[in-house]
Amino acid sequence: MSCSSCCAAAAVPSPPVVLARPRVRFAASCSTRTDQKVLFLGSRQFPRITYNPSSRASSRLSRREVIAFAGQQSWDIGRFVRTLYFFNGPPNPLKIVESIISSFTSSASSEAPKKMETSDVVLVTGATGGVGRRVVDILRKKGIPVRVLARNDDKARSMLGRDVDLVVGPKEGDTPDRQKYKQGIKFFEPEIKGPSPEMVEYIGMQNLINAIKNSVGLSEGKLLFGLKGNLSGKIVWGALDDVVMGGVSESTFQILPTGSETGGPTGLFKGTVSTSNNGGFTSIRTKNFTVPEDLSAYDGIELRVKGDGRRYKLIIRTSYEWDTIGYTESFDTTKGEWQSVKIPFSSLKPVFRARTMTDAPPFDASSITSLQLMFSKFEYDGKLNPTFTEGPFELPFSSIKAYINEPITPRFVHVSSAGVTRPERPGLDLSKQPPAVRLNKELGSILTYKLKGEDLIRESGVPYTIVRPCALTEEPAGADLIFDQGDNITGKISREEVARICVAALASPNAVGKTFEVKSTVPFSEPYVIDPSNSPPEKDYEVYFKELKEGITGKEALEATPAQV
């Protein structure tokens, strides 16, 4: 799983805790010469040109065309030049010679590229708090790599160990990269207990979500090309056909205002493909993105296309070089039907001029520079496309987006507090509520800002779980539990139990999109103790997660709308 999962623990007396899992991808190398940056203009692809100085016809050749005799078709040199200039300008002439030589000396790969693997790292904020440090301990025992975000280096290391993977945030007044600290400027903790609830619970949450949103991924995926706003967004498509190797195939990208399955706009890849002059492919490719697209939080690319029964290729590049490796996968289409095509990043093959390369750099989903759709006579390593036919073709496509594999698990688990909706709830007898509810205003409206912070998470699009524990205790885990929704219960619960719930939620599809309260069945007036020699077994929290409903937050009472059941 490639994700940045966050688990924020924020009991009333403590600052929030967050766990995040940035995705790291590993792959065995694949093979190519990375210094080959130009088009192949070798004699096998380039049109044969004859020129007779005594011929009048030859002296009147169009500047836009090179006439190819011996049964070959004319080659449009003007379109060739325009293609080069559209995609980052022409190649270095010296590299053309290298390219021609390499085309005869390099051989096709016989070894299949190895599959990519992923590993999870969980980022924990608030890790020095009562719940946070227990979360770190549980994750370590499970063998899950942990990274800690803290404001105090010494405190974090003394509490969590000198070897903890630690990221120290800046002090108030310093720069994000701690430049003032590095220059020798001293910072001292303020005498007050800490920042205001608004700064921690609301503005802090806002900053955190903005910082990790791209790293954790969105439930609905990340739209790269589609119907929202400008159809093409920042993507600029251009034709890249076999004219670059002497062929005569030609394609284009168009926008059809009413061509989608819902009657809205859609993109269209269309053209005519020919095998004349040893050609046989057409494609549209995006100009290099100004900033590389980071899709490391996702599992692949999903296209919505209207098929024509042909096999196409998706090519993804991670380099700004013109002629370089493309990470490629073919996909089949069904004639006349709109369909969703999912291409996992793990299935991508490193390909250079239709040959797989076993020593290519690993595919890096965090640095995507361009996309390409291709219809070609060729598959890979000499194999042919079984659906290839010469002539016209059309492939409408309404969207291209990055997706997360289903079932989706939470990427952000936040520990809030029971009671966040109660201070403003009409008709509530505050005298029967916990102190934090009764004294909300005196405590800087802490519950009000916790609720605002929750709302930011729910609106972010990030797959989340929000845990609202009742009063936290230092008692051991193991008591029977009550999970509830609607923000109505009071009671107590062990910090250790809450930490276990957080870690369990990270792996549970049934916890996604849920907000819930939790307490133990033990009354406040009774201590809960266990026999160390006979500890209770760990719970299967999945039993509780399955019973929870989406959309129930307790705000229904504030808005005078019934809760979902």
Side-chain angles (χ1 to χ4, degrees), residues 8-17 126 129-131 192-202 204-205 414-458 466-477 479-498 501 514-529 544 547-549 551-565:
V12 171
S14 314
V17 178
V131 174
I192 60 175
K193 284 189 175 181
S196 69
E198 180 182 15
M199 288 294 297
V200 174
E201 308 294 346
Y202 179 62
M205 182 62 70
H414 174 60
V415 180
S416 181
S417 175
V420 292
T421 69
R422 299 179 210 174
E424 307 299 328
R425 186 181 296 181
L428 189 68
D429 186 353
L430 292 180
S431 66
K432 296 180 180 179
Q433 294 298 313
V437 177
R438 298 197 308 269
L439 301 174
N440 181 54
K441 289 185 179 179
E442 289 80 357
L443 293 171
S445 298
I446 186 169
L447 295 180
T448 301
Y449 286 114
K450 279 182 178 289
L451 181 59
K452 287 179 176 289
E454 287 185 10
D455 288 340
L456 291 173
I457 298 169
R458 284 187 283 263
I466 296 175
V467 184
R468 293 171 171 173
C470 291
L472 296 168
T473 73
E474 291 296 312
E475 294 172 340
D480 291 337
L481 300 176
I482 295 175
F483 279 60
D484 197 32
Q485 293 181 278
D487 196 19
N488 296 304
I489 62 175
T490 60
K492 67 176 181 177
I493 186 170
S494 157
R495 288 184 172 89
E496 177 68 24
E497 194 84 64
V498 175
I501 292 170
K514 310 292 179 61
T515 301
F516 61 90
E517 298 78 49
V518 60
K519 70 171 186 175
S520 76
T521 59
V522 180
F524 234 120
S525 57
E526 297 179 14
Y528 177 70
V529 295
Y544 300 99
E547 299 300 318
L548 299 173
K549 308 294 183 184
I552 302 178
T553 66
K555 293 179 65 177
E556 300 81 17
L558 299 178
E559 299 161 356
T561 58
Q564 298 178 19
V565 294

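Below, all heavy atoms of this structure are taken into account, side chains as well, without hydrogens, waters or symmetry copies. Counting from 1, the numbers follow the sequence of the chain as shown. Source: prediction; values computed, not measured.
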Is a donor on one side and an acceptor on the other found under 3.5 Å between the side chain of [X] and the backbone of [Y]?
| X | Y | result |
| --- | --- | --- |
| K519 | I482 | no |
| E556 | G554 | yes |
| Q485 | T515 | yes |
| N440 | L447 | yes |

* To do: For the pair K452 and D455, find out whether any cationic side-chain nitrogen is under 4.0 Å from an anionic carboxylate oxygen.
  =>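 Between D455 and K452 there is no salt bridge, as every charged N stays at least 4.0 Å from the carboxylate O atoms.
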If we only count heavy atoms from C-beta on, is the [X] to [Y] side-chain gap below 4.5 Å?
| X | Y | result |
| --- | --- | --- |
| L456 | H414 | no |
| V467 | F516 | yes |
| R458 | K555 | yes |

* **Nearest-0.5 Å distance, CD of residue E201 to OG of residue S445** => 12.0 Å
* **Rounded distance (nearest 0.5 Å) linking atom CG of L451 with atom CD1 of I446** => 12.5 Å
* **Contacts of type ring pair (Phe, Tyr, Trp, His ring centres under 6.0 Å), residue Y528, not counting sequence neighbours** =>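 Y528 satisfies ring pair (Phe, Tyr, Trp, His ring centres under 6.0 Å) with no other residue.
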* Apply ring pair (Phe, Tyr, Trp, His ring centres under 6.0 Å) to Y449 and list each qualifying residue two or more places apart in sequence or on a separate chain. => none
For [X] and [Y], work out which heavy atoms get closest and say how close.
| X | Y | answer |
| --- | --- | --- |
| E454 | S416 | OE2-OG, 2.7 Å |
| R468 | A418 | CB-N, 3.6 Å |
| R425 | G486 | NH2-O, 3.4 Å |
| V529 | P476 | CA-CG, 4.5 Å |
| N488 | E517 | N-OE1, 4.3 Å |

* Partner set under side-chain hydrogen bond (donor to acceptor under 3.5 Å, both in side chains) for S525, not counting sequence neighbours ->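 In terms of side-chain hydrogen bond (donor to acceptor under 3.5 Å, both in side chains), with neighbours along the sequence ignored, S525 is linked to no residue.
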* To do: Could you tell me which residues satisfy side chain to side chain contact (heavy atoms under 4.5 Å, CB included) with T473, sequence neighbours excluded, listed by chain and number?
  => E475, K492, S494
* To do: Under the side chain to side chain contact (heavy atoms under 4.5 Å, CB included) rule, what do I493 and L472 come out as? Steps first, then yes or no, please.
  => CA-CA 5 Å; I493 186 170; L472 296 168; 4.0 Å; yes
* Please identify each residue that fulfils salt bridge (charged side-chain N to carboxylate O under 4.0 Å, His left out) with R422, with sequence neighbours left out. =>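 Here the qualifying residues are D487.
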* Structure fact -> salt bridge (Lys or Arg N to Asp or Glu O under 4.0 Å) pairs touching residues 431-448, sequence neighbours excluded, are none
